[in-house]
Amino acid sequence: MPSASRRPTRLAVLVSGGGTNLQALLDAIDADADFGGEVVVVAADRADAGGLERARERGIATVVQPLAAHGDRGAWETALRRDVEAHRPDAVVLAGFMRILSNAFLSGWPDRVLNTHPSLLPAFRGAHAVREALAYGVRVTGCTVHLVDEEVDHGPIVAQEVVPIHAEDTEDRLHERIKAAEHALLPACVKLLCHDRLKVSGRLVHVL
Ligand code: GRF
């Protein structure tokens, strides 16, 4: 437990889409005086990411760095890292960020970059996890919050939540139920990170 006087952990949140997970995190921080974190910047790889508007409405700083604006991925990651670092975050949350990050970015926050993914990893890595779970015929899927390493949807797992698949599910309906699970799981894991309660040992994450 941090002491009452400890300053909140400064969080950067990266988004590509609508930003409902960002919203859930902001709401959780608002609702919990003991959350121990604050979002100091929201960054996106596209100017039309809905999450940017959610940030602006709250007066949170925003950064936009489209990959296409740079000559190569290395230059893009360097620019993204520079712009995010300008806000001095202690940790980074990928909340529906649809780009792969290498150590050019990740090394700025060792073991302090979290991602939420809409499947029970290691099943269905990648950008089409919900569609692929439906097509495979699994009876349960879910969401995973994990620490980010250089491999896609691969780093040490912090927590998972199971979501049953119904016979009448479409990709959209199933994804909505998975997102509802993410909206609880991601803030809970971010709070643990803010309180320095995640200890990484190889692939295992111990919650202190
Ligand atoms: C989430 O399901 C996330 O896991 C996936 O994309 C979705 C983002 O939703 N990568 P939102 O932008 O937070 O609404």
ILVMFWY network linking I157 to V92, side-chain heavy atoms under 4.5 angstrom: no

Ring geometry between F124 and Y136 (parallel below 30°, tilted from 30 to 60°, perpendicular above 60°): perpendicular

Cluster overlap L25 with L198, hydrophobic side-chain contacts below 4.5 Å: yes

Donor-acceptor side-chain pairing of Q65 and H70 below 3.5 angstrom: yes

Under-4.0 Å salt bridge between R139 and D169: no

L120-L174 co-clustered via ILVMFWY side chain contacts under 4.5 Å: no

Any donor-acceptor N or O pair under 3.5 Å, side chains S119, H117: yes

L67 reachable from L80 in the ILVMFWY side-chain graph, under 4.5 Å edges: yes

Heavy-atom closest pair, residues V200 and G202: CG1-O, 3.5 Å

Residue pair S107 / R81, side-chain donor-acceptor N/O under 3.5 Å: yes

More than 12 heavy atoms from other groups under 6.0 Å of CZ on R10: yes

From E38 atom CD to R7 atom CZ, the distance as rounded to the nearest 0.5 Å: 8.0 Å

Polar contact flag, side-chain donor to acceptor under 3.5 angstrom, D45-S16: yes

Co-members of L204 in a cluster of I, L, V, M, F, W and Y side chains, linked at under 4.5 Å: none

